[in-house]
Number of protein chains: 2
Amino acid sequence: MKKNAQINSTPVCQVRMQAITDAMSLLSGKWKFHILGTLIEGSTLGFMDLLREVKGIGSKMLSKELQDLEMNNLISRTVMNTKPITVAYSITEYGKTLSPLIDEMAKWGINYRKSVYEKRDK
Amino acid sequence: MKKNAQINSTPVCQVRMQAITDAMSLLSGKWKFHILGTLIEGSTLGFMDLLREVKGIGSKMLSKELQDLEMNNLISRTVMNTKPITVAYSITEYGKTLSPLIDEMAKWGINYRKSVYEKRDK
DNA sequence: GAAAGTAGTTTCCTTTTGGAAACTGCTATC
DNA sequence: GATAGCAGTTTCCAAAAGGAAACTACTTTC
């Protein structure tokens with residue numbers, strides 16, 4: 001008797017799996033959570049501000065990640081009419097819906113670190 | 001005047017950023033959420049069960065990801081005393097603490113997909 | 001004794017990701 | 001007119017991630 005998938009073949013699980021794939025494809029990579037987290041905290045920031053805030057990122061990656069996030073309507077990019085020109089990046093209303101997910105991730109990470117220290121100190 | 005980081009230099013934000021980095025390093029890659037999600041749903045599964053359940057994964061990746069997850073105490077691996085031998089993979093108590101995060105991710109993904117369809121239909 | 005099921009490992013390959021450094025082009029300030 | 005700041009882009013490269021296919025080794029069933 002040949003076996004088939006039992007759990008993930010149910011419609012509910014398939015929708016769930018697809019949803020996780022979707023979310024991951026928008027948020028994949030080393031920097032997206034950091035950029036989003038920074039913009040959620042910091043209202044409006046310029047390119048150089050972000051380069052300073054997001055520790056370790058280079059200008060190429062920042063530029064690319066900002067384009068990705070803008071394309072998915074998670075952040076907005078506005079060229080300001082100033083001299084010299086500045087660009088204002090900020091989180092969109094839709095981007096803010098990621099707050100619970102980012103918070104949950106941060107919460108888990110904090111507890112993870114605690115649990116590692118506790119284990120070490122035993 | 002040289003500018004420095006303002007937001008992410010605060011201790012609270014540094015801890016948060018570190019936490020997100022920690023969480024991501026344990027959960028990175030294409031398959032970990034799917035495997036964990038499947039094991040949370042499905043109690044105990046063998047290697048071949050998982051190969052069938054996690055659609056698209058190959059045996060090499062499955063093997064590697066299971067080792068990673070086991071090392072971090074998120075899943076357990078038990079060799080059963082059966083003939084032919086079988087291996088029981090299951091989620092640990094600690095692994096279950098990821099449920100809220102996975103749920104949040106799935107929830108966001110489902111709403112994302114809805115919002116894409118709505119936009120398309122306008 | 002051939003086939004099929006268990007649980008993986010190994011090899012070889014392609015794609016993706018990420019980073020450093022240099023460069024562009026503009027403007028304001030010293 | 002040199003320097004510094006803004007907002008990126010380009011090039012070149014290394015490392016990591018991921019996948020297909022073949023292979024190991026053992027056992028049970030037909």
Side-chain angles (χ1 to χ4, degrees), chain A residues 1-6 17 20-21 24-36 38-39 42 44-72 75-90, chain B residues 1-6 17 20-21 24-36 38-39 42 44-72 75-90:
Chain A
M1 184 189 93
K2 207 183 164 205
K3 289 188 191 171
N4 286 313
Q6 295 287 317
M17 286 293 166
I20 289 172
T21 303
M24 286 204 307
S25 78
L26 296 194
L27 302 172
S28 65
K30 197 174 169 183
W31 299 110
K32 297 220 179 67
F33 278 101
H34 295 292
I35 295 171
L36 290 167
T38 302
L39 285 174
T44 279
L45 295 168
F47 187 85
M48 293 306 286
D49 295 327
L50 282 165
L51 209 51
R52 277 183 290 264
E53 295 290 345
V54 181
K55 219 176 145 188
I57 200 171
S59 56
K60 191 192 79 170
M61 287 307 295
L62 179 57
S63 171
K64 196 211 124 215
E65 299 293 62
L66 288 173
Q67 282 173 31
D68 286 0
L69 294 171
E70 194 199 349
M71 240 189 304
N72 288 314
I75 65 170
S76 71
R77 176 182 183 276
T78 314
V79 178
M80 306 303 279
N81 191 17
T82 54
K83 289 177 190 172
I85 71 161
T86 51
V87 175
Y89 289 98
S90 50
Chain B
M1 185 189 96
K2 205 180 166 206
K3 287 190 192 171
N4 286 312
Q6 295 287 317
M17 286 294 166
I20 288 172
T21 303
M24 287 203 308
S25 79
L26 295 193
L27 302 172
S28 65
K30 197 173 168 182
W31 300 111
K32 298 217 178 69
F33 278 101
H34 295 292
I35 295 172
L36 290 167
T38 303
L39 285 173
T44 279
L45 296 168
F47 187 85
M48 293 307 286
D49 294 329
L50 282 166
L51 209 51
R52 279 183 288 265
E53 296 289 347
V54 181
K55 218 175 148 190
I57 199 170
S59 55
K60 192 192 78 171
M61 285 309 295
L62 179 57
S63 171
K64 197 212 122 213
E65 298 292 63
L66 289 171
Q67 282 172 29
D68 286 358
L69 294 171
E70 194 199 353
M71 240 189 302
N72 289 313
I75 65 170
S76 71
R77 177 182 182 276
T78 315
V79 178
M80 307 302 280
N81 191 18
T82 54
K83 288 176 191 174
I85 69 161
T86 51
V87 175
Y89 288 98
S90 50

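As a whole-Å value, the separation of B/Ile57 CD1 from C/dT9 C1' is 15 Å. Atom-to-atom, CD1 of A/Ile85 to C1' of C/dT27 comes out at 10 Å; the value is rounded to the nearest Å. One atom, CG of B/Leu45, and another, P of C/dT6, lie 12 Å apart when rounded to the nearest Å. If you measure from atom NZ of B/Lys30 to atom P of C/dT17, you get 10 Å, rounded to the nearest angstrom. In this structure, B/Phe47 atom CZ and D/dC26 atom P are separated by 18 Å, rounded to whole Å. Rounded to an integer number of Å, the gap from B/Leu51 CG to D/dA21 P is 14 Å. We find that CG of A/Asp49 is positioned 7 Å from P of D/dC6, with the value rounded to whole Å. What separates CD of A/Glu53 from P of D/dA7 is a distance of 13 Å, to the nearest Å.
Near DNA chain D, meaning a heavy atom under 4.0 Å away, the residues from residues 59-69 of chain B are B/Lys60, B/Met61.
A close approach under 4.0 Å does occur between a side-chain nitrogen or oxygen of B/Arg52 and OP1 or OP2 of C/dT6. Between B/Tyr89 and C/dG8 there is a side-chain polar atom (N or O) within less than 4.0 angstrom of OP1 or OP2.
With a 4.5 Å cut-off on side-chain heavy atoms, B/Thr44 and B/Asp49 do not count as touching. Counting heavy atoms from C-beta on, the side chains of B/Trp31 and B/Leu62 never come closer than 4.5 Å. Residues B/Leu50 and B/Leu66 are in side-chain contact: their nearest non-hydrogen atoms beyond the backbone lie under 4.5 Å apart.
Note: B/His34 NE2 to A/Met24 CE = 4.0 Å, rounded to the nearest 0.5 Å.
In this structure a side-chain-to-backbone donor-acceptor pair under 3.5 Å is missing from B/Lys64 to B/Lys60. Judged by distance alone, with hydrogens and angles left aside, the side-chain atoms of A/Ser63 form no donor-acceptor pair with the main-chain N or O of A/Ser59 at under 3.5 Å.
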Criterion side chain to side chain contact (heavy atoms under 4.5 Å, CB included) on A/Phe47 and A/Val87, from CA distance to verdict: CA-CA 7 Å; A/Phe47 187 85; A/Val87 175; 5.6 Å; no
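Distances were taken from every side-chain heavy atom of B/Arg77 (C-beta onward) to each of C/dT27, D/dA7, C/dA7; the shortest belongs to C/dA7. Out of D/dA7, C/dG19, D/dT28, the shortest distance to the side chain of A/Met48 is found at D/dA7.
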